[in-house]
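Written below as structure tokens is the structure these notes are about.
Protein chains get the first letters and strands the later ones, always in sequence-line order, with residue 1 at the start of each. Heavy-atom basis, side chains included; hydrogens, waters and symmetry copies ignored. This one's a predicted model, so the numbers in the text were calculated from it and none came from an experiment.
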Amino acid sequence: MTVSINEISASPGFGHDLPPHKLRDMLRYMLLARALDERMWVLNRAGKAPFVISCQGHEAAQVGAAFALSRGKDFILPYYRGLAMVLVMGMTPTEVMLGLFARATDPSSGGRQMPAHYGCRRLKIVTQSSPVGTQIPHAVGIGLAEKIKGGDAIAWVSFGEGTTSQGDFHEALNLTAVHRLPVIFQCENNEYAISVHQRQQMAVASVADRGIAYGIPGISVDGTDVLAVYEVTRRAVERARRGDGPTLIEARVVRMTAHSSDDNDRTYRPPHEIALVRHQDPIVRFVAQLREHGILSEADEQAMRAEVAAIVDQATEEAERAPMPEPETLYDHVYAPPRSRRHELRGGTN
Amino acid sequence: MTVSINEISASPGFGHDLPPHKLRDMLRYMLLARALDERMWVLNRAGKAPFVISCQGHEAAQVGAAFALSRGKDFILPYYRGLAMVLVMGMTPTEVMLGLFARATDPSSGGRQMPAHYGCRRLKIVTQSSPVGTQIPHAVGIGLAEKIKGGDAIAWVSFGEGTTSQGDFHEALNLTAVHRLPVIFQCENNEYAISVHQRQQMAVASVADRGIAYGIPGISVDGTDVLAVYEVTRRAVERARRGDGPTLIEARVVRMTAHSSDDNDRTYRPPHEIALVRHQDPIVRFVAQLREHGILSEADEQAMRAEVAAIVDQATEEAERAPMPEPETLYDHVYAPPRSRRHELRGGTN
Amino acid sequence: MPEMNLLEAIRQGLDEMMAADSRVFIFGEDVGKRGGVFRVTEGLYDKYGPMRVIDSPLAESVIVGACIGAAMNDMLPIAEIQFADFIAPAFNQIVQEAARIHYRSNGDWEVPLVIRVPYGGGIHGALYHSQSVEAFFAHVPGLKVVTPSTPYDAKGLLKSAIEDPNPVLFLEHKKTYRLIKGFVPEEDYRVPIGPADIKRPGEDLSVFSYGLMLHYCLEAAQTLAAEGVSVEVIDLRTLRPLDTETILASVRRTGKVLIVHEDNLFGGFGGEVAALIAEHAFEYLDGPVMRIGGPDVPAMPFAHSLEAAFMPSPASIAAAMRRLAAY
Amino acid sequence: MPEMNLLEAIRQGLDEMMAADSRVFIFGEDVGKRGGVFRVTEGLYDKYGPMRVIDSPLAESVIVGACIGAAMNDMLPIAEIQFADFIAPAFNQIVQEAARIHYRSNGDWEVPLVIRVPYGGGIHGALYHSQSVEAFFAHVPGLKVVTPSTPYDAKGLLKSAIEDPNPVLFLEHKKTYRLIKGFVPEEDYRVPIGPADIKRPGEDLSVFSYGLMLHYCLEAAQTLAAEGVSVEVIDLRTLRPLDTETILASVRRTGKVLIVHEDNLFGGFGGEVAALIAEHAFEYLDGPVMRIGGPDVPAMPFAHSLEAAFMPSPASIAAAMRRLAAY
Ligand SMILES: Cc1ncc(C[n+]2csc(CCOP(=O)(O)OP(=O)(O)O)c2C)c(N)n1
Ligand SMILES: Cc1ncc(C[n+]2csc(CCOP(=O)(O)OP(=O)(O)O)c2C)c(N)n1
Ligand SMILES: [Mg+2]
Ligand SMILES: [Mg+2]
């Protein structure tokens, strides 16, 4: 059931069904995510942002997937490296920076959570926590609800390869398979869980192999190839909407930074590997592809980079100016009030 | 990696390396387990035993495995259907009945646990609880300790197919594979978890398929064929002692009774299936095989059954006569006392 | 008003809510054809079908986790944990997820989830089918914890729990299922989550309890009445949010306190009740704040002799009442 | 006597015990080459190798579960849970297995297991890297729960924990790791599990605390001393089994009680301490049994403004002391 990337690459011409402006849009989101992420590290080094955890190296895996999903309709449960995903889904750079600075108007948590714990009900980005893997059962429950209601939204959930060691991963995939629920599981395999290499994490070469245990198709794809990820996700989306059930996608990515700003990966990662990672940059790769196919001129690229830099500047400034949460708000939202939007019974005789 | 039973049956002549007296011994344990189990139901109906949970239909899977293990050396973690396994490992019928009656001298728990929660340190039967699946990580830890110490004991652990849905199953198998630990996982698949059929439990046909997710060989075997189970377990034991790591064995068995004496399986099991189960009795099958190969005469069988019946009578009487735990003992053994056998530091300079 | 036992009252509550709102569904082990191992959901599978009364795989973490997801996708899920003893695998999903989602999203997301949990002992369930788990969860902000002890309260609180936009742990004492009977109105009603209930008014001492022990306390109060001591018995009913006002008001009147639960004493829920009283009604106290709880052993053993030694009894409760009255 | 911080004292304790007994090994996430995310195990991987300092998969249930198994196969495992907030997936293995194995086997099996757990906030860790979890586990018979607050105690208690034949939850407050320094003897010593420690003797009121808050209490006591109030500060050190005698003896002397912890108040550990006092030292009380705890919100937020609002402070503790002294 494991489908290799070669098979995917053998599909229709470059860009699949995507017109050139969409392809450029993809690149734009990748550049935006990267620029925001890099800025966060700068702010961290400058003592302005206490914590950063990166998307760098994962952008293609997320943008590729995002372009195959239906924004505002499908539910997204992206783990803490999901910056590029939430940008495509509609979170603004300013909103992202409000989270970094823990401002009152941070849409994810109002400054309550660490940065990169995304959530926004309006955008169907489901609130994320820190304990890894807990979001996977939530995605399954969203799919179950959809099946009960007869809807056709999909739940897309992401997590690292280390997280597949958690029991919740197993329980969730198993349940999804039993009911053929519309869920897409994207494992972003960057070979490390903080300092623990995949070899210490599992005895299989590919997370996609884990699908077989549940009767779920497992597909391993080069996650630095945005179009390959787009294509496998598009097929998974089709499958899910048809009612044929879930897909497990392993996107092989690179972690281009330390685990987080609290980590120092030179204590466990060989220097040559750290050097190598730079050569697997998904953005460099996509730029080259677009250039080669005449979809992106040098001038286009420069303009795009300039635009993105300006956006990041503006987002940073806006977010820095925003107010901190008031201390008294500590006590807000412990419980949802009765008679909230979910309260009234619907239908029936009561 | 899934090996079907056909391949196993293609191995050396009947009985493999087992001499006739061992084969008869196997049958004897199966008959003993069955007779004890049946007596428990009689005692339950008579109001003398408040709770029974059966091994009936699982005897071959356990006796086959037990004969491939090294008694007193290997660690056994048998779930609540493991009566035949613990008998082979040295628990006496009287001891089993002491557990049924919750007597003070019950070796498993002194009457503290429900019947069939076996344990006995002397016999290396590791104490079992009711939450399903928790024993699987323990088996892995025993294997890990063995590897650290450089020993060559094996941990054998059993559980039902329903239990493979638990996160602990997944986490345990994964860890075992990473370190190639000497553990044998025996899933006794009787197609039901109380009332929930395997179809509702998982979307795969065989639990053996789950091995692939970890890089563990998964073998499905007819668990009503004692010799087939013996042979796959023997190979798994060899593999583990060689240091090649774990094996996942699915023994396909039948649940010949309701889930327990608190259950009524006619509420969820079709009548024809209940009728059919009787025809898959592993004991009937093994008797026929032994008869066919001239290893067991009709008289042998009669004698064996008579012997077993007498043992069960005696065990029941002895156990019934044994005293109940004294109420004050409620407070014993909450904590192990300091300076117990594990207390003294070993080696080193301290 | 028909009389029924506590189990039937819960079943009726489930049935009426499922009929009233198509978003309500039940998810748990053996809840379908089998109708649950205690028969609480009996008949609902036939009535509402396999997509609203769903047999889950044997995996408590995903039972709760999937219900959280469904709740965030506009459903009103009811998770059943087969025995309280088996809720531990779902601890992460309940405590770190269900309880914190509303808070961590700054009020953006809600988890309208009910987790039904049969708990408690005295039913010969041994170490792993007798446990009380309320202390673990009543400590967790973001959760509500409900412990009905009569059929009327059980049905009324269940409906409130299903309508509540927050995660509610609904604890059903197994021994009360068939033992405790009472009248339940034909018409629709609610018992609100929060308020305690004075099950027996009295003047000399205040006794706080819930679940099975509430009934033992009532029995003991009856005994004491014959001895001329007037005992007020208050059913806490909801442990979180706790009705501190009713508790303190009673203590201010009687000046003497006994708290009773089946769960082991040390670190149990009674400590919180005692602490609130010792801080906020200190000046009214005429005697030590007494507690009765299960013994501090890991769990309730199987053997009759040991189980009996574990369970607080109407007699041991009456004895404590007497000591307190005499203080 | 060398001075060191609490983290170094723990590391030294681990090192010496590993050197002393080949059965001791460490199992947890990133404990190997990385030396743990807090660097507690730094250097041990190089010294003892990959079979005694083992990087586990990212799976807390099997971290604890496998250590239980290893403990039953004659080893002395030390499990590390990376943050207390992530102990929830292991709740089942800790509470239902580790804590109950000795009891359920009628004393036949033992689980000599230490679970090291960095906990607590004030380190800008947000909702999921700041939690206190002691109340959940101190309620569980069969477990021991230890909360050292000084380098001396940390090292001495760690050694006792490793030698204890029972499962011990060893809670290390993250903010004390580098903040709290103290002298630690060169020679081998133990601090026994159980006894509380009077960290500052006093006459007017008794304050009970542990972990980071203990230090805030000492600071506040210092302030009060300048105001002429003599505060006794007792470090509980072990929460289970609790040193009830030392607690009650102090209360009998001072008649006034303040209990302080960082964990949220309702259902927190302080309730048990207050309840014990309100029952067993009632006659000696000269004022309400006061408690200070974290606010009852799901967890400690990230924003500085909110984190500061959450944490009890030396000032808020001193204020409570003043009120109590004036009572
Ligand atoms: C339950 C739990 N345990 C431990 C942690 C600490 N932790 C945070 S991220 C991480 C590694 C995650 O690795 P992986 O799943 O591969 O994702 P990656 O960061 O590599 O993208 C760990 C151990 C956690 N957040 N949750
Ligand atoms: C964690 C947990 N959840 C629920 C139960 C209740 N329960 C006891 S046995 C059982 C079914 C087990 O099925 P399976 O693993 O297939 O074993 P079988 O009884 O069929 O041999 C259930 C749900 C339990 N013991 N533990
Ligand atoms: Mg990773
Ligand atoms: Mg089964």
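Contact annotation for A/Glu146: both backbone and side-chain heavy atoms come within less than 4.5 Å of a heavy atom of chain C. No part of A/Leu181 comes within reach of chain C, as not one of its non-hydrogen atoms sits under 4.5 angstrom from that chain. Contact annotation for A/Asp332: only backbone heavy atoms (N, CA, C, O) come within less than 4.5 Å of a heavy atom of chain C. In this structure, the portion of C/Glu60 lying under 4.5 Å from any heavy atom of chain A is its backbone and not its side chain.
Here the closest heavy-atom approach between residue A/Phe75 and residue C/Asn73 is recorded as CZ-OD1, 3.4 Å. Closest of all the heavy-atom pairs between C/Met75 and A/Ala145 is CG-CB, 3.4 Å. Between C/Pro165 and A/Ala336 the shortest heavy-atom distance is CG-O, 3.6 Å. The nearest pair of heavy atoms linking C/Val62 to A/Pro137 is CG2-CB, 3.8 Å. When all heavy atoms of A/Val126 and C/Trp109 are compared, the closest pair comes out as CA-CZ2, 3.6 Å.
The line from CG of A/Asp168 to CD of C/Gln93 is 5.0 Å long, rounded to the nearest 0.5 Å. Of the inter-residue distances, the one linking C/Ser105 atom OG with A/Ile125 atom CD1 reads 13.0 Å to the nearest 0.5 angstrom. Atom CG of A/Leu144 and atom CZ of C/Phe27 lie 6.0 Å apart (nearest 0.5 Å). Taking CZ from C/Arg52 and CD1 from A/Ile148, the interatomic distance works out to 8.5 Å, rounded to the nearest 0.5 Å. Note that the CD1 atom of A/Ile136 and the OG atom of C/Ser61 stand 10.5 Å from one another [nearest 0.5 Å].
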CA sep, side-chain torsions, deciding dist, call: C/Gln96, A/Thr134, side-chain contact (heavy atoms from CB on, under 4.5 Å)
CA-CA 9 Å; C/Gln96 300 295 356; A/Thr134 50; 5.7 Å; no

Does A/Gln166 form a side-chain contact (heavy atoms from CB on, under 4.5 Å) with C/Asn92? I'd like the steps, not just the answer.
CA-CA 12 Å; A/Gln166 287 281 348; C/Asn92 197 29; 5.9 Å; no

For A/Ser129 and C/Arg100: C-alpha separation, side-chain torsions, deciding distance, then whether side-chain contact (heavy atoms from CB on, under 4.5 Å) applies.
CA-CA 9 Å; A/Ser129 65; C/Arg100 311 210 199 279; over 6 Å; no

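Across A/Gly119, A/Pro107, A/Ser108, the residue that shares the most heavy-atom pairs under 4.5 angstrom with chain C is A/Ser108. Counting heavy-atom pairs closer than 4.5 Å to chain A, the top-ranked of the candidates C/Leu143, C/Ile54, C/Ile63 is C/Leu143. Among A/Val140, A/Asp106, A/Leu175, A/Leu77, the residue with the largest count of heavy-atom pairs under 4.5 Å with chain C is A/Leu175. Note on C/Gly69, C/Ala99, C/Pro89: by heavy-atom pairs under 4.5 Å with chain A, the leading option is C/Gly69.
The 12-atom threshold is exceeded at NZ of A/Lys149, counting heavy atoms of other residues, nucleotides or ligands nearer than 6.0 Å.
In this structure, C/His102 and A/His333 have perpendicular ring planes: the angle between them is above 60°, well past the 30° mark.
Although no hydrogens or angles enter the test, the distance criterion places a donor-acceptor pair under 3.5 Å between the side chain of C/Asp108 and the main chain of A/Arg121. Between the A/Arg112 side chain and the C/Asn106 main chain, no donor and acceptor come within less than 3.5 Å of each other.
Contact check for A/Gln135 versus C/Glu97: no side-chain heavy atoms found under the 4.5 Å cut-off. Contact of the A/His117 side chain with the C/Arg104 side chain is not registered, since no non-hydrogen atoms from C-beta on lie closer than 4.5 Å.
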